[in-house]
Amino acid sequence: MLLYLKIKPNQRLDKIERVGNEWVVRVKAPAIDGKANDHLIEYLSEILEIPKSKIILKKGHTGRLKCLEIEAVEIYVNNRLEAASGSLHT
C-alpha cells in the first residue's frame, strides 16, 4: 500500500497525528543528510510492528510530503496508525 504523510523534523518528541485527512508525523531527527527520513522509517516500523525493510520511501526524499510504500494490508496499517495517534474510535 502507499501511505502519504507530512513530516515535521527536529521536534522535541516523536509523534503521529491525524490532521484532517492527512497524517502528520513529528520526528526528533533533523532534516540533515537523510536523518529524518531514516528516523521516520524506524519510527513507523515500531508503530506498525513490521521490519524496516518492508517500508520504502518512494517520493519526497528532500521534501516534507512523503510517499511510502508499505508491505502490509491497508486496514492493518490504518488501524495501527489510528491507535498510535490516540484517535482510535471504538
Side-chain angles (χ1 to χ4, degrees):
M1 78 160 283
L2 293 178
L3 175 66
Y4 294 87
L5 52 85
K6 185 175 186 179
I7 185 171
K8 292 187 176 186
N10 214 21
Q11 301 291 306
R12 276 194 285 158
L13 52 93
D14 294 333
K15 182 179 180 181
I16 187 163
E17 57 192 351
R18 188 158 198 132
V19 178
N21 287 333
E22 69 178 12
W23 288 105
V24 177
V25 181
R26 300 171 189 270
V27 294
K28 294 185 278 189
I32 299 172
D33 298 329
K35 289 180 183 178
N37 290 336
D38 293 341
H39 189 76
L40 171 67
I41 291 172
E42 187 175 314
Y43 180 56
L44 287 176
S45 171
E46 290 173 15
I47 288 173
L48 300 175
E49 297 179 349
I50 61 174
K52 291 185 285 187
S53 62
K54 298 207 180 257
I55 302 172
I56 300 168
L57 179 59
K58 298 297 271 184
K59 295 180 185 175
H61 290 81
T62 58
R64 292 186 190 247
L65 298 176
K66 308 288 183 191
C67 175
L68 297 149
E69 183 176 349
I70 300 174
E71 288 184 45
V73 179
E74 187 171 349
I75 190 91
Y76 172 79
V77 172
N78 287 330
N79 286 341
R80 296 293 305 158
L81 293 175
E82 289 286 345
S85 71
S87 63
L88 185 63
H89 302 288
T90 56

### Task
Kindly work out whether a path of hydrophobic side-chain contacts (I/L/V/M/F/W/Y, heavy atoms less than 4.5 Å apart) joins Leu3 to Tyr76.
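Cluster IDs for Leu3 and Tyr76 match.
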### Message
Is there a path of hydrophobic side-chain contacts, each under 4.5 Å between heavy atoms of I/L/V/M/F/W/Y residues, joining Leu44 to Val24?
### Response
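Unlinked, Val24 and Leu44 end up in two clusters.
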To the nearest 0.5 Å, what is the distance between [atom1] on [X] and [atom2] on [Y]?
| X | Y | atom1 | atom2 | answer |
| --- | --- | --- | --- | --- |
| Arg18 | Ser85 | CZ | OG | 8.0 Å |
| Leu65 | Ile7 | CG | CD1 | 10.5 Å |
| Arg80 | Glu46 | CZ | CD | 11.0 Å |
| Ile55 | Leu48 | CD1 | CG | 5.5 Å |
| Glu69 | Ile56 | CD | CD1 | 5.0 Å |
| Glu22 | Glu17 | CD | CD | 10.0 Å |

Could you tell me whether the side chain of [Y] reaches within less than 4.5 Å of the side chain of [X], counting heavy atoms only?
| X | Y | answer |
| --- | --- | --- |
| Val27 | Lys8 | no |
| Leu5 | Leu40 | yes |
| Leu81 | Ile16 | yes |
| Glu49 | Ile47 | no |
| Tyr4 | Leu68 | no |
| Val25 | Lys66 | no |
| Ile50 | Glu71 | no |
| Glu82 | Trp23 | yes |

Please find the pair of heavy atoms, one from [X] and one from [Y], that lie closest to each other, and give the distance.
| X | Y | answer |
| --- | --- | --- |
| Pro30 | Lys35 | O-CB, 3.6 Å |
| Lys28 | Leu13 | CG-CA, 3.7 Å |
| Ser45 | Pro51 | OG-C, 3.8 Å |
| Pro9 | Ala36 | CB-CB, 3.9 Å |

### Message
I'd like to know whether CD1 of Ile75 has more than 12 heavy-atom contacts from other residues, nucleotides or ligands below 6.0 angstrom.
### Response
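Not buried by this count: 12 neighbours or fewer within 6.0 Å.
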### Message
Does Glu74, at its CD atom, have more than 12 non-hydrogen atoms belonging to other residues, nucleotides or ligands within less than 6.0 Å?
### Response
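Atom CD in Glu74 is not crowded, with 12 or fewer foreign heavy atoms closer than 6.0 Å.
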### Message
Using side chain to side chain contact (heavy atoms under 4.5 Å, CB included), reason through Met1 and Val73 one step at a time and then give a plain yes or no.
### Response
CA-CA 7 Å; Met1 78 160 283; Val73 179; over 6 Å; no
